[in-house]
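First up is the structure itself, then whatever we jot down about it.
Below, read A as the first sequence line, B as the second, and so on, with proteins coming before strands; counting in each chain starts at 1. These figures come from a predicted structure and were not determined experimentally.
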Amino acid sequence: MVPSGKREGSFFDLVYQVARQIPEGRVTSYGAIASCLGTKLSARMVGWAMNGAHDQPEHVPAHRVVNRVGLLTGRHHFKTPTEMQDLLEKEGIKVEENKIVDFEKVFWDPAKSLL
DNA sequence: ACGCTGACTATTA
DNA sequence: CTAATAGCCAGCG
């Protein structure tokens with residue numbers, strides 16, 4: 001089961017802030033964010049944090065966060081499974097079969113922004 | 001307080 | 001190539 005009404009305590013809040021730093025037309029991976037936070041081994045927590053992002057008062061571009069291969073693994077958690085892909089395509093990101101095309105080209109490194 | 005689960009990643013077989 | 005296993009951390013019952 002997955003916790004829904006949780007409260008941002010620390011790690012989650014960091015994930016949300018990093019996710020908001022993702023520029024349009026760019027995407028990042030859970031591992032990249034986790035690494036940026038220092039918990040690079042806990043990429044799961046990042047994805048889980050996204051679950052709570054849904055509840056955040058601010059818009060968290062969770063649709064710009066995908067797994068390491070650019071696969072839209074989290075699309076199932078959206079209101080609609082097509083919303084994630086639709087949003088990415090609107091930003092100029094090509095998506096095919098739930099996977100980001102040219103993932104390496106649109107990949108955005110969070111650590112780079114915090115540099 | 002303990003155990004289970006999970007939108008991941010890397011390694012091994 | 002695919003399948004299985006281990007590591008990580010935090011919230012809920």
Side-chain angles (χ1 to χ4, degrees):
Chain A
M1 42 257 305
V2 33
S4 303
K6 88 278 100 299
R7 275 279 157 219
E8 63 298 292
S10 32
F11 180 86
F12 285 52
D13 192 27
L14 291 172
V15 177
Y16 306 141
Q17 298 199 44
V18 173
R20 289 198 210 98
Q21 306 315 302
I22 305 176
E24 274 183 31
R26 291 278 198 262
V27 290
T28 189
S29 58
Y30 302 100
I33 296 174
S35 181
C36 181
L37 299 178
T39 55
K40 57 182 190 179
L41 296 182
S42 312
R44 297 185 183 183
M45 303 291 83
V46 179
W48 201 350
M50 290 283 104
N51 203 355
H54 196 32
D55 201 34
Q56 287 306 299
E58 294 202 43
H59 172 229
V60 180
H63 62 272
R64 290 183 191 148
V65 186
V66 295
N67 71 353
R68 69 159 181 109
V69 294
L71 201 63
L72 283 64
T73 44
R75 84 190 133 131
H76 287 275
H77 289 260
F78 279 76
K79 239 168 25 157
T80 57
T82 50
E83 184 171 305
M84 190 172 188
Q85 179 172 333
D86 186 45
L87 287 167
L88 289 171
E89 292 188 312
K90 280 185 178 197
E91 300 195 354
I93 299 173
K94 299 177 177 83
V95 180
E96 216 172 285
E97 299 294 297
N98 303 327
K99 191 184 136 205
I100 295 180
V101 182
D102 299 322
F103 176 59
E104 300 180 48
K105 301 183 184 186
V106 296
F107 180 74
W108 174 82
D109 191 336
K112 221 168 167 190
S113 175
L114 303 173
L115 222 74

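Atoms CZ (A:Phe103) and C1' (B:dC8) sit 12 Å apart, rounded to a whole Å. To the nearest angstrom, C1' of B:dA7 lies 13 Å from CG of A:Asn98. The distance from atom CG of A:Leu41 to atom P of B:dT9 is 12 Å, rounded to the nearest whole Å. A:Lys40 has its NZ atom 12 Å from the P atom of C:dC9, to the nearest Å. Rounded to an integer number of Å, the gap from A:Leu37 CG to C:dC9 C1' is 12 Å. Per the geometry, CG belonging to A:Asn51 stands 11 Å off P belonging to C:dC12, to the nearest Å. In this entry the distance linking CD1 of A:Ile33 with P of C:dC9 reads 17 Å, nearest Å. When rounded to the nearest whole Å, the span between CZ of A:Arg75 and C1' of B:dG6 equals 17 Å.
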Pairs of donor and acceptor atoms involving the side chains of residues 62-71 of chain A, under 3.5 Å and at least two apart or interchain, shall be tabulated with distances.
from, atom 1, to, atom 2, distance (Å)
A:His63, NE2, A:Glu91, OE2, 3.4
A:Arg64, NE, A:Glu91, OE1, 2.8
A:Arg64, NE, A:Glu91, OE2, 3.2
A:Arg64, NH1, A:Ile22, O, 2.8
A:Arg64, NH2, A:Glu91, OE1, 3.3
A:Arg64, NH2, A:Glu91, OE2, 2.6
A:Asn67, OD1, A:Val69, N, 3.3
A:Asn67, OD1, A:Gly70, N, 3.1
A:Asn67, OD1, A:Leu71, N, 2.6

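Criterion: ILVMFWY side-chain heavy atoms under 4.5 Å apart, direct or through other members. Under it, A:Ile33 and A:Met50 are part of a common hydrophobic cluster. No path of Ile, Leu, Val, Met, Phe, Trp and Tyr side chains, each step under 4.5 Å between heavy atoms, connects A:Phe107 with A:Tyr30, placing them in separate hydrophobic clusters. Residues A:Val60 and A:Leu88 are members of separate hydrophobic clusters, defined by side-chain heavy-atom contacts under 4.5 angstrom among Ile, Leu, Val, Met, Phe, Trp and Tyr.
Across every non-hydrogen atom of A:Pro110 and A:Ala32, the tightest pair is CG-O, 3.5 Å. A:Ala34 and A:Ala43 make their closest contact through CB-CA, 3.9 Å (heavy atoms, listed as atom of the first residue, atom of the second, distance).
Listed pair A:Thr73 / B:dC8 meets the phosphate criterion, a side-chain N or O lying under 4.0 Å from OP1 or OP2.
Picking from B:dA7, C:dC8, B:dG6 the nucleotide with the shortest atom distance to the side chain of A:Trp48 gives B:dG6. For A:Ala43, the listed nucleotide lying nearest its side chain is B:dC8; candidates were B:dA7, B:dG6, B:dC8. Nearest nucleotide to the side chain of A:Phe12, out of B:dA7, C:dG11, B:dT9: C:dG11.
Distance noted for atom P between C:dC8 and B:dT12: 16 Å (whole Å).
Shown for residues 58-72 of chain A: residues whose heavy atoms fall under 4.0 angstrom of DNA chain B, namely A:Ala62, A:Asn67, A:Arg68.
Between the OG1 atom in A:Thr82 and the CD atom in A:Glu89 there is a gap of 10.0 Å [rounded to 0.5 Å].
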